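Here is the naming used below: chain letters follow the sequence lines, and residue numbers restart at 1 for every chain. Keep in mind that this is a model prediction, so the values were computed, not measured.
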Amino acid sequence: MHPLIAPVCEWYVGAARDLPWRRESCTPWGVMVSEFMLQQTPVARVLEPWRAWLERWPTPADLAAEPVGEAIRQWGRLGYPRRAQRLHNAAVSITTDHGGRVPETRDALRALPGVGDYTAAAIASFAFGRAEVVLDTNVRRVLARAINGDEFPPNAVTAAEKRLGATVMPVDGPFPAAMWAAASMELGALICTARSPACDRCPIADSCAWVAAGRPAHTGPPRRGQAFAGTDRQVRGRIMALLRESDIAVPRHRIATVWHDATQLDRALTSLLKDGLAVETDAGLTLPT
DNA sequence: CAAGCGTGGCA
DNA sequence: TTGCCAAGCTT
């Protein structure tokens with residue numbers, strides 16, 4: 001057993017947040033919805049939308065029975081509305097191809113729209129207790145610091161990180177792999193954070209390679225940021241907000257009021273139509289049916 | 001594989 | 001204030 005496992009898991013027992021998708025009563029579908037919503041979105045902003053979503057659609061079949069536009073509308077301001085579209089598509093696939101039950105294996109999960117390596121491993125682990133290497137941004141940062149002595153992991157997941165994750169994951173012993181996955185994520189979220197790590201409260205600070213090295217600043221390629229103001233993303237966001245709030249088709253002249261640059265507006269709208277996040281009728285634009 | 005994809009809070 | 005960051009996925 002890797003020496004990090006016991007202290008991190010024991011810390012987790014006393015420090016874990018009581019998140020609704022971690023409760024025993026939460027269904028695999030509830031776990032899956034949480035994972036989609038948490039992709040690039042903080043926990044605090046997911047709590048209420050998650051509750052409302054599960055109340056409206058308690059099973060994949062409930063969601064699959066409605067138009068994808070309803071999923072996009074219900075998604076609200078969570079951001080990246082294509083996640084709602086893909087979650088709906090995944091619900092349809094689960095209903096038609098998996099008997100209405102969320103698949104249990106990483107490979108079957110990975111085949112669903114919107115489910116990548118991380119989300120497949122996370123659902124298999126948290127919903128079904130399977131032993132999978134769960135590599136999210138938190139775990140990657142914990143491993144980068146504690147084992148490699150780097151402040152931050154590489155920009156994209158590397159083969160070396162996957163090997164390291166597999167090496168550290170417990171195979172037997174007192175701490176299940178799924179517990180390690182949740183505990184190492186929680187450590188990254190609460191203690192070993194990106195901006196201001198609380199090493200004074202960290203259960204593995206005394207064996208952390210980064211702390212031992214004097215917490216050196218990140219070297220190597222700059223971490224890519226995300227511009228937003230003035231980008232097509234911002235324009236798309238404004239258009240989608242308009243469509244979500246309207247029960248009827250929104251004419252193009254009303255769409256035009258949300259952005260000053262007609263060229264950029266047209267580019268954004270065209271991309272939304274291409275992505276299937278909006279559709280055009282004679283009366284104007286609507287969410288897809 | 002680097003770039004594109006929303007949104008809001010916090011340092 | 002502005003930039004960074006938040007349980008990533010797809011092409």
For atom P, what is the distance between B:dC1 and C:dA6, given to the nearest Å?
-> 23 Å

Whichever of A:A156 and A:D232 has the more 5' nearest nucleotide on DNA chain B, that residue is A:A156

Expected list for residues 44-63 of chain A near DNA chain C, using heavy atoms below 4.0 Å, is none

So, with a heavy-atom separation below 4.0 Å from DNA chain B, the residues of residues 256-273 of chain A are none

ask   = If you measure from the P atom in C:dC9 to the same atom in B:dG8, how many Å do you get, rounded?
value = 23 Å

Quiz item: If you look at every strand shown and take non-hydrogen atoms under 4.0 Å, does A:R233 touch a base, only sugar-phosphate, or nothing?
Solution: base

Next on the checklist: Work out how far the C1' atom of C:dC5 is from that of B:dC5, and round it to whole angstrom.
Outcome noted: 16 Å

| For A:F36, which contact category applies under a 4.0 Å heavy-atom criterion: base, sugar-phosphate, or nothing? | nothing

Salt-bridge contact A:R73-A:E66 (side-chain N to carboxylate O under 4.0 Å) | no

- Item | Test: A:D117 and A:R106 ion pair at under 4.0 Å | no

| task | Kindly indicate whether the side chain of A:F128, heavy atoms from C-beta on, has any atom under 4.5 Å from the side chain of A:T105. | result | no

Protein-nucleotides 7-11 of chain C N/O pairs under 3.5 Å:
residue: C:dA7; atom: OP1; partner: A:N138; partner atom: OD1; Å: 3.2
residue: C:dA7; atom: OP1; partner: A:N138; partner atom: ND2; Å: 2.8
residue: C:dA7; atom: OP2; partner: A:N138; partner atom: OD1; Å: 3.3
residue: C:dA7; atom: O5'; partner: A:N138; partner atom: ND2; Å: 3.0
residue: C:dA7; atom: O4'; partner: A:D136; partner atom: OD2; Å: 2.8
residue: C:dA7; atom: N9; partner: A:Y118; partner atom: OH; Å: 3.4
residue: C:dA7; atom: N7; partner: A:E35; partner atom: OE2; Å: 3.2
residue: C:dA7; atom: N6; partner: A:W21; partner atom: NE1; Å: 2.9
residue: C:dG8; atom: OP2; partner: A:Q40; partner atom: N; Å: 3.3
residue: C:dG8; atom: OP2; partner: A:Q40; partner atom: NE2; Å: 3.4
residue: C:dG8; atom: O3'; partner: A:T119; partner atom: OG1; Å: 3.4
residue: C:dG8; atom: N7; partner: A:Q40; partner atom: NE2; Å: 3.3
residue: C:dG8; atom: O6; partner: A:Q40; partner atom: OE1; Å: 3.4
residue: C:dC9; atom: OP1; partner: A:G116; partner atom: N; Å: 2.7
residue: C:dC9; atom: OP1; partner: A:G116; partner atom: O; Å: 3.4
residue: C:dC9; atom: OP1; partner: A:T119; partner atom: N; Å: 3.0
residue: C:dC9; atom: OP1; partner: A:T119; partner atom: OG1; Å: 2.7
residue: C:dT10; atom: OP1; partner: A:G114; partner atom: N; Å: 2.8

Note: contacts of residues 191-203 of chain A with DNA chain C (heavy atom, under 4.0 Å) are A:A194, A:R195

Under the rule of Watson-Crick or G-U wobble with both distances under 3.5 Å, where | means paired to another strand and [ ] a crossing pair, DNA chain C maps to .|||||.||||

Exercise. With rounding to whole Å, what would you report as the distance between C:dA7 and B:dC10 at their P atoms?
Worked result: 15 Å

Residues in residues 241-250 of chain A with a heavy atom under 4.0 Å of DNA chain C, by number, are none

Mind checking whether A:E151 and A:P197 have side chains closer than 4.5 Å, heavy atoms only?
no

Is A:R56 salt-bridged to A:D62, cutoff N-O under 4.0 Å? no

Exercise for the section: Output yes when A:D150 and A:R145 qualify as a salt bridge under the 4.0 Å nitrogen-oxygen rule, no when they do not. Expected result: no

Electrostatic pair A:R267-A:D261, nearest N-O below 4.0 angstrom
no

